[in-house]
Amino acid sequence: MHNNLTLFFIMSRIKHLLLPATAIVAAGNSIQAQAAEPKASTPKKPLNIVYIMTDDHTAQAMSCYDKRYTVTPNLDRIANEGVRFTNSFVANSLSGPSRACMLTGKHSHKNGFTDNTTCVFDSSQPTFPRYLQQAGYQTALFGKWHLESLPQGFDKWAIVPGQGDYYNPDFIRMSGDTARVHGYLTNLITDMSLDWLENNRDREKPFCLLIHHKAIHRNWMADTADLELFEDVTFPIPDNFYDDYEGREAAGAQEMSVIKDMDVIYDLKMNRPDRTSRLKPTYERFVGRMDSAQRARWDEFYEPIIAKYYNDNLQGKELAEWKFQRYMRDYLKVVKSLDDNVGRVMDYLRDHDLLDNTLVVYTSDQGFYMGEHGWFDKRFMYEESFRTPLIMRLPEGYDRRGDITEMVQNIDYAPTFLEIAGVEKPADIQGESLMPLLRGEHPDDWRQTLYYHFYEYPAEHMVKRHYGVRDDRYKLIHFYNDIDRWELYDLENDPNEMNNLFGKPGTEKITREMMKKLKDAQEQYDDPIRHTYPIK
Ligand code: SGN
Ligand code: CA
């Protein structure tokens with residue numbers, strides 16, 4: 001075992017800090033009380049954690065955040081029986097990096113996993129599942145891992161290789177064997193999770209279950225049961241769908257545009273023998289995994305749409321908006337299956353009397369563009385992808401409801417779960433426990449600034465490297481590497497980040513202040529990549 005970790009466990013105490021306030025008092029009094037009154041009430045059992053993380057699920061596609069596009073009754077149920085974080089963010093808007101931040105409670109430069117393409121996660125480093133396991137929790141993980149190495153710190157796991165497949169996916173088991181499992185991935189990950197809860201766990205121990213979906217990742221292949229949904233719906237096009245990126249050079253250089261970069265065969269499923277595209281072979285590999293019944297259902301649904309598409313031969317704005325509508329429909333069908341499967345988990349917890357003693361967390365590895373700025377994908381520090389949904393269903397004794405507005409980040413999850421398990425936060429964890437917020441407190445010293453750093457460039461979608469800071473009103477971003485550009489946004493007056501104020505007359509004072517916040521954040525988090533601050 002890691003040396004520091006051993007030392008840490010020798011020194012740490014199991015405190016069960018998360019017990020409701022009354023229970024903490026009871027436990028605190030118990031030494032005195034025991035002498036006088038031997039039958040003092042026993043402390044409550046430590047809380048279980050069910051952590052559900054989806055991939056690329058953005059708040060615009062959850063009705064507890066945004067009612068424009070779809071309804072997600074089961075996700076809304078989590079929020080209604082608990083809290084909704086309205087200012088929840090990631091540290092690096094990409095799958096592997098987000099997962100590494102979440103597991104370690106540290107920014108990318110500290111956990112070593114800065115990008116999906118060049119990194120392998122050192123799974124022997126301390127992570128919250130490992131800490132929880134050492135504190136007596138039973139830990140399990142099912143679904144997408146995406147960190148190249150194999151998971152450590154789990155009593156049980158089964159993961160999909162890389163991004164995983166929607167249909168009849170392969171799973172890597174703890175034995176090291178890889179085997180294909182028949183079915184639709186979101187259903188299968190849920191089946192495995194429920195099976196573990198029902199049949200494999202030690203009921204004497206608290207548990208921490210991580211359910212990591214591939215849904216709603218590209219290329220948004222719906223379950224055959226949901227194919228017909230949304231076909232007669234026309235979704236409103238975002239105001240900045242036709243963004244010209246003026247004053248934002250990095251935004252203009254990306255390759256994630258619905259209009260120019262979406263692959264009509266791979267992304268939008270318009271496959272025909274006489275047509276080709278860059279990603280057609282990948283698409284054919286995906287649908288090639290289906291069995292004959294799945295494939296027949298798939299083709300039966302898509303054939304008339306394909307025929308109409310090639311027949312209509314849309315151009316220009318009509319084609320652009322047709323692409324947007326197909327994208328929205330596919331994405332939201334995948335959301336529907338996800339919401340149903342979250343409902344299955346919630347029903348299981350309710351039917352087995354686990355809800356009172358379990359914290360249920362629902363989040364995504366990052367947000368996503370639903371046509372804002374004309375985009376799909378993520379990566380940018382702009383709001384839609386910097387943000388990530390975060391809702392929690394709270395156990396008995398936690399009466400906090402409604403919105404939590406403090407700025408939180410995915411590096412906060414690990415310290416939160418450590419506090420639940422009564423494990424003292426190690427000094428090198430950079431996030432903050434969210435437990436005070438769940439208890440209804442508003443700590444005066446809560447963070448006022450968020451730090452962000454994105455590294456994966458040059459790479460798919462060509463989003464340039466950048467870092468930046470955001471406070472409750474302004475955002476300062478520096479794009480670097482093969483570019484040296486600064487951007488400054490006033491989120492109050494320009495929530496869609498269309499107007500880069502950097503260098504504009506009248507912004508000197510706020511630029512200086514944000515530059516100072518950036519410098520402080522880079523020092524606080526000890527980021528080795530810093531550049532000269534042009535304005536001191
Ligand atoms: C794949 C996708 C990209 C996506 C990355 C990262 N291309 O490479 O569109 O940005 O994953 O996504 S695909 O052709 O394979 O669909 S992440 O969420 O896993 O980081
Ligand atoms: Ca993702």
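Note that ligands are numbered from 1 as they come in the structure, with each ligand's atoms numbered from 1 the same way. Nothing here was measured: the structure is a model prediction, and the numbers come from that model.
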Under 4.0 Å between a Lys/Arg side-chain N and an Asp/Glu carboxylate O for [X] and [Y]?
X: D412; Y: R447; answer: yes
X: D340; Y: K336; answer: yes
X: D56; Y: R218; answer: no
X: R326; Y: D267; answer: no
X: E228; Y: R297; answer: yes
X: R470; Y: E383; answer: yes
X: R289; Y: D165; answer: yes

Using a strict 4.0 Å cut-off to heavy atoms of H146, name the atoms of ligand 1 that fall inside it.
19 (O)
For ligand 1, which atoms have a heavy atom of D55 less than 4.0 angstrom away?
18 (O)
Any N/O/S of Q366 under 3.0 Å from the Ca ion (ligand 2)?
yes
At a non-hydrogen distance cut-off of under 4.0 Å, which region of [X] contacts ligand 1 (side chain, backbone, both, or neither)?
X: T282; value: neither
X: M256; value: neither
X: E255; value: neither

Would you say S95 has any N or O atom under 3.5 Å from an N or O of ligand 1, going by distance alone?
yes
Below 4.0 Å from any atom of ligand 1, is there a heavy atom belonging to [X]?
X: Y266; answer: yes
X: K214; answer: no
X: N219; answer: no
X: R379; answer: yes

Is the shortest side-chain heavy-atom distance between L147 and F113 below 4.5 Å?
yes
